[in-house]
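Taking it in order: structure first as structure tokens, then the write-up.
Proteins come first, then strands; the chains are lettered A, B, ... in the order of their sequence lines, and each starts at number 1.
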Amino acid sequence: MLKIYNSLSRQKETFKPIEPGKVSMYVCGMTVYDLCHVGHARVMVVFDMIARHLRNIGFDVTYVRNITDIDDKIINRANENNESITELTERFITAMNEDSNALGVVPPDSEPKATEHMDQIIDMISALIKKKHAYVGSNNDVYFDVSSFENYGNLSGKNTEELRAGERVEVQNEKDDPLDFVLWKSAKPEEPSWPSPWGEGRPGWHIECSAMSTHCLGNHFDIHGGGQDLQFPHHENEIAQSVCSTGAEFANVWIHNGFVRVDEEKMSKSLGNFFTVREVLKDYQPEVIRFFILSSHYRSPLNYSIDNLEEAKSALTGLYTALRDAHVSNDIEPKKDYVDQFNSFMNDDFNTPKTISVLHELAKELNRCSDKSSKEAIEYATTLKYFGSVLGLLQDEPQAFLQAKTGSDDNELDEVAVQKFIDERSEAKAAKDYAKADEIRDHLVSLGISLEDTPQGTIWRRN
RNA sequence: GGCUGAGUGGCAGAGUGGUUAUGCAGCGGUUUGCAAAACCGUGUACCUCGGUUCAAUUCCGGGCUCAGCCUCCA
């Protein structure tokens, strides 16, 4: 039985799909004006893990993750760079896909773009105006009338009185109420724009997600997700727009992942304390980042640090080491007791840290098997790799992982060079010239290569 | 100021009303020419003060500290 923490009710709930056997999930994706940082990586990896698990336990999943390709930041950045909006957004969409692929993220079933859904956006705004939930301001901007939706604030646990009392809500004269938010912005000269019943303009940020989610998944769907910072106002506004325009229920379950922190502070563009995915990939294999992300619960804060990445690397190295001489078979069923355990942890609000402890347990059992081709050993290895596939881990060839270059250091020895040193050392060893053998080994260690002497010969790995 | 969430062993990080998380690091051992890897063994951890209870790190209340949202943000 799958239980998911629903931000709307602030508790774990037993998941009941709207349509038996099917799950529809919408996740707020990236605004493509810059490279993805580790915080974005967390969203991609977390919801990928969720989609994988839902599929693994038998659901037919439709996963939609949007791309925001028009907004103020994009316009500003394009102006700064002196390039067109589309040049800019296409460049960063490509970069995002590269990062996403590197992290082992299975592409969502659909990645709708705001600019390609203007009709749906305009239709929804028209419906809101018609139903008196929105109005056209004196400047021809269209605003949503927050006071017209009595459940406003349910998701974020805020009430409109307190929000109005808050000093930080900026007062804009065009709005009837400071809480009202923009649905359609009329275009200033030189700005990209689309025709609408209210003149040339572009959509506000929140409306695109309401329009695209309901367009792709229907008015009422199962899961809506995103980073915790979107809970208010973005998701709150989405609910208001969708419910008021369609008259139907919107998302049943709201999932919000926690932040990535740097020195106990949220990693964010505005604070400037972010690390881009490709920056981290210079020093670490992508799977290390993925493992790092999954090693804490998706709702907990995740502290970004070199120490923590190193720890993820060690743990993952241990798992791959166990798989190194192991045999995996497609003809063997994963061990049922472990599968039950694994699934019960995943079904408990996607408790990946717990499932990783199962991975370690299996690796230990596998290491204990003296005969790696025994049925028992094959079962452990097969089960381990199967769990890895649900988490999006451990799918590389073990030696490929253990010997992979990280890419940032051009001085790294290549495989041929390493093998030459190993051969040289083997000769020295055979001649019982241990001083020389040790000298070669020390030299390799200083170059980041560790050797292991095994009955089958000397093998190596990169540290 | 309002609203969330959190405070676990050297570090990271789950979890639980009474029984081993797990990983990294450390220590002892097995193995090894020596190592490495692996295995075995090894840790009086649960912010603070009250309360409930036979029993609380776990439930309730107060306090302290931290993070987040209330403005663009994954």
Margin query: Is it the case that atom CD in A:Glu150 sees more than 12 heavy atoms from other parts of the structure closer than 6.0 Å?
Written below: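 For A:Glu150, atom CD is not crowded (no more than 12 foreign heavy atoms under 6.0 Å).
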Check: Is there any salt bridge (Lys or Arg N to Asp or Glu O under 4.0 Å) pair reaching into residues 2-13 of chain A, and which pairs are they, with sequence neighbours excluded?
Finding: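 Those involving residues 2-13 of chain A are A:Lys12-A:Asp348.
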When you compare the protein's N or O atoms with those of nucleotides 6-10 of chain B, which come within less than 3.5 Å of each other, and at what distance?
none

Phosphate contact ([N] OP1 or OP2) by [X] side-chain N/O below 4.0 Å:
X: A:Asn351; N: B:G15; value: yes
X: A:Ser300; N: B:A14; value: yes
X: A:Lys354; N: B:G13; value: no
X: A:Arg368; N: B:C40; value: yes
X: A:Asn257; N: B:A74; value: no

Margin query: For A:Thr406 and A:Asp283, which I'm curious about, is there any donor-acceptor pair between the side chains at under 3.5 Å?
Written below: no
Margin query: Is it true that A:Asn81 and A:Tyr33 share a donor-acceptor pair across their side chains at a distance under 3.5 Å?
Written below: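 Looking only at side-chain atoms, A:Asn81 and A:Tyr33 do not form any donor-acceptor pair under 3.5 Å.
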Restricting both atoms to N or O, compile the protein contacts to nucleotides 23-27 of chain B shorter than 3.5 Å, with distance only.
| from | atom 1 | to | atom 2 | distance (Å) |
| --- | --- | --- | --- | --- |
| B:G23 | N2 | A:Glu311 | OE1 | 3.0 |
| B:G23 | N2 | A:Glu311 | OE2 | 2.6 |
| B:G23 | N3 | A:Glu311 | OE2 | 3.0 |

Checklist line | Axial cation check for A:Tyr304 ring with A:Arg261, 6.0 Å and 45° limits | finding: no
Checklist line | Ring centroids of A:Phe259 and B:G68 base under 5.5 Å with planes under 30° | finding: no
